[in-house]
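Step one of this worksheet: look at the structure below.
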Amino acid sequence: MHVMVLGAGVTGVTTAWFLHQAGLEVSLVDRQPGAGRETSFANGGQISISHPEPWANPAAPWLALRWLGREDAPLKIRPAFDPAQWRWATSFLHECLPWRTRRNTEAIAALALFSGERLRAVREKTGIEYEQRMTGILHLFHTAREFAHAPARASTLRKLGIPVEVRSRPECLALEPALAGRPDGIAGGLYAPDDESGNAQRFTEALAARLGEMGVRLHWNTEIRQLAVSGSRIEGVNVRDVMGRKGMLSADAFVVCLGSYSGKLLRPLGQRVPIYPVKGYSITAALAAPERAPVVSLTDESRRVVCSRLGDRLRVAGTAELAGFDTTIRPERIKPLLEWARAHFPGAIDEAQVTPWAGLRPATPSNLPLIGRSHAENLWLNTGHGTLGWTLACGSAAALTLLIQGEKPPVAFPFQR
Ligand SMILES: Cc1cc2nc3c(=O)[nH]c(=O)nc-3n(C[C@H](O)[C@H](O)[C@H](O)COP(=O)(O)OP(=O)(O)OC[C@H]3O[C@@H](n4cnc5c(N)ncnc54)[C@H](O)[C@@H]3O)c2cc1C
């Protein structure tokens, strides 16, 4: 069976990898000249199994109201006359109900644990290097009030099978001495020793190169315009190359891994998927003083910023903006990330060598990706990974491969059936 994977971000490339490992004939199509060039390009770098809690939680609507009108707010909503945006926001509110949040957290935790295991297996098999660090993730709390919730959160995570430890302020500083430069203190933290970090784009590119060497057909610079439908099946995809030449690519089955753009392809089939782009930003800075920069990946729970050391650079990422498909880099959204790096690690980064970036998280209201069947017989979905696409990629791809083979993935997750 020939399976064509549509989209070569981290989700598409891992999907192609697991399908190929299962002995299927695979090809990969993307409009970019290589793999991992859109949302998977400069994300926060975290394999954050210890953060299964979705954005949609009982506190989220109040926080969003508090942040309204603030240009530098962690969540910025730019209301548009866009029914998709309103539909998404309404569903998001529904997912904030306590029992929905609980159910979503459990499903993400199960998939994330499976994914961590599958990522380690890919690494062992391929030996690819992607600036990975197995030094865990330290979640930081700035106020005693926020830190007071840490033991309860740790106990919930442990019940889900995720190892985490509550760490006092001195223990946080011992774990990550570079934090000692922070003037106004850290109340404490939660440490997840099994979490990891790494460069998602490098991983994706290296894995795609490996697939190419193994004979997988890689169609770069190929824009997917439309699905060619025949009855209840997909015959092929209508594509156009950079020269404007049109054609059709055929296969026996297809997998949609188009991130935020998945809905556009599926709409003509009459399938409306609840994926909306939630824009995020990052900066990647060369290090001026490596000894002042952290080596442990950090999640600042108070400021909603994540930070990962990638080789001799520091990546700082965060912020969420509901602004449609606009990928313009707004200086007022980059500024808080730069200020965060300055305040936490004074003198660590070279401010003359900072690369800003913005990407569109393919977000579902629940933050659960859509993995499994679509409305068409031979079309499968692996998309909508929102805030955790890098963390969930290998598990989602392995699970989808089992579903395509008619097997049940060993994960308690609501797959699309
Ligand atoms: C600021 C920020 C920080 C983040 N930090 C983290 C983190 O620390 N950890 C984590 O787990 N996740 C993180 N994420 C989320 C993660 O980056 C995404 O969930 C993930 O990259 C989504 O991968 P994808 O393959 O689904 O989408 P993409 O990487 O966007 O891939 C989709 C592919 O489809 C292609 N495509 C789309 N339309 C077409 C078309 N019509 N024709 C041909 N090709 C097409 C694109 O070119 C692209 O290559 C972060 C995201 C952001 C924005």
Side-chain angles (χ1 to χ4, degrees), residues 5-16 28-49 51-52 108 112 115-116 119 137 195-201 203-205 208 219-227 237-241 249 255-265 275 277-284 297-299 304-308 310 315-321 325 327 329 333-334 337 356-364 367 369-371 381-397:
V5 179
L6 311 179
V10 69
T11 307
V13 172
T14 49
T15 300
L28 192 55
V29 189
D30 201 287
R31 62 185 168 196
Q32 297 290 344
R37 306 285 175 103
E38 296 207 0
T39 308
S40 306
F41 188 72
N43 66 23
Q46 293 191 325
I47 299 297
S48 188
I49 297 165
H51 207 318
I108 294 169
S115 205
L119 171 64
I137 292 180
D195 281 358
E196 305 182 1
S197 60
N199 187 329
Q201 195 269 334
F203 174 87
T204 307
E205 204 165 50
H219 300 272
W220 301 130
N221 296 308
T222 305
E223 191 197 344
I224 301 157
R225 294 168 58 77
Q226 215 177 18
L227 295 167
V237 280
N238 294 321
V239 295
R240 184 171 60 184
D241 68 13
L249 298 174
V255 187
V256 177
C257 299
L258 296 171
S260 293
Y261 300 87
S262 303
K264 291 189 176 177
L265 191 77
I275 297 174
V278 176
K279 188 174 176 182
Y281 291 84
S282 73
I283 54 168
T284 308
S297 186
L298 302 170
T299 297
R304 281 152 181 92
V305 165
V306 304
C307 167
S308 295
L310 300 174
R315 168 84 44 83
V316 182
T319 90
E321 203 177 317
F325 286 86
T327 52
I329 297 175
R333 309 290 291 165
I334 290 295
L337 300 177
W357 173 82
L360 302 175
R361 299 177 184 92
T364 62
N367 212 32
L370 309 173
I371 305 168
L381 307 176
N382 189 12
T383 185
H385 290 74
T387 61
L388 285 177
W390 176 211
T391 305
L392 301 178
C394 287
S396 305

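When a residue number appears, it is its place in the shown sequence, counting from 1. All ligand and atom numbering here is 1-based and tracks the order in the structure.
Side chains of His51 and Thr299: a donor-acceptor N/O pair is absent below 3.5 angstrom, by distance only.
From the protein, the heavy atom lying nearest to atom 35 (C) of ligand 1 is Asp30 OD2, 3.1 Å. Taking atom 3 (C) of ligand 1 as the reference point, the nearest protein heavy-atom neighbour is Gly44 N, 3.4 Å. Scanning all protein heavy atoms for the shortest distance to atom 27 (O) of ligand 1 gives Gly259 CA, 3.7 Å. Protein heavy atom nearest atom 32 (C) of ligand 1, with residue, atom name and distance: Cys257 O, 3.6 Å. When hydrogens are left out, the protein atom nearest atom 44 (N) of ligand 1 is Arg31 N, 3.1 Å; that is the closest non-hydrogen contact. Atom 8 (O) of ligand 1 has as its closest protein heavy atom Gln46 N, 3.0 Å. Ranking the protein heavy atoms by distance from atom 17 (O) of ligand 1 puts Asn43 ND2, 3.0 Å first. Distance from atom 42 (N) of ligand 1 to its nearest protein heavy atom, with residue and atom name: Ile224 N, 2.8 Å.
For the side-chain contact (heavy atoms from CB on, under 4.5 Å) test, residues two or more places apart in sequence or in another chain that qualify with Ala393 are Val10, Thr14. With sequence neighbours excluded, no residue forms a ring pair (Phe, Tyr, Trp, His ring centres under 6.0 Å) with Tyr281.
Here the side chain of Trp390 pairs a donor or acceptor atom with the backbone of Gly198 at under 3.5 angstrom.
The distance from ligand 1 to the heavy atoms of Leu388 drops below 4.0 Å at these ligand atoms: 10 (C), 11 (O), 12 (N). Taking every heavy atom of Trp390 and a limit of under 4.0 angstrom, the matching atoms of ligand 1 come to 10 (C), 11 (O), 12 (N). Near Gly359, meaning under 4.0 Å from any of its heavy atoms, are these atoms of ligand 1: 53 (C). Heavy-atom proximity to Thr391, at under 4.0 Å, picks out these atoms of ligand 1: 9 (N), 10 (C), 11 (O).
Within the 4.0 Å heavy-atom criterion, neither part of Thr319 lies near ligand 1. Contacts between Ser282 and ligand 1 below 4.0 angstrom, taking non-hydrogen atoms only, are absent altogether. If you look at Tyr261 next to ligand 1, the close heavy atoms, those under 4.0 Å, all belong to the side chain. Contacts between Ala200 and ligand 1, counted as non-hydrogen atom pairs separated by less than 4.0 Å, are absent for every part of the residue. Looking at Phe41 against ligand 1, nothing comes within 4.0 Å, counting heavy atoms.
Of all non-hydrogen atoms in Ile108 and Leu392, the two that sit nearest each other are O-CD2, 4.2 Å. Heavy-atom minimum distance, Arg31 versus Tyr261: NH2-CE1, 3.1 Å.
Considering each of Ala393, Ser40, Gly389, Ala42, the one bringing a non-hydrogen atom nearest atom 23 (O) of ligand 1 is Ser40. Among Thr11, Leu392, Thr387, the residue whose heavy atom lies nearest to atom 13 (C) of ligand 1 is Thr387.
Not one N or O of Pro362 is nearer than 3.5 Å to an N or O of ligand 1, by distance alone. Between Thr39 and ligand 1, a contact under 3.5 Å exists for at least one N or O pair.
Among Asn382, Thr387, Thr383, the single residue meeting the side chain to side chain donor-acceptor pair (under 3.5 Å) criterion with His385 is Asn382.
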**OP:** Decide side-chain hydrogen bond (donor to acceptor under 3.5 Å, both in side chains) for Thr391 and Ser48; before the verdict, give the C-alpha distance in whole Å, the side-chain angles of both, and the deciding distance to 0.1 Å.
**Re:** CA-CA 6 Å; Thr391 305; Ser48 188; 5.4 Å; no
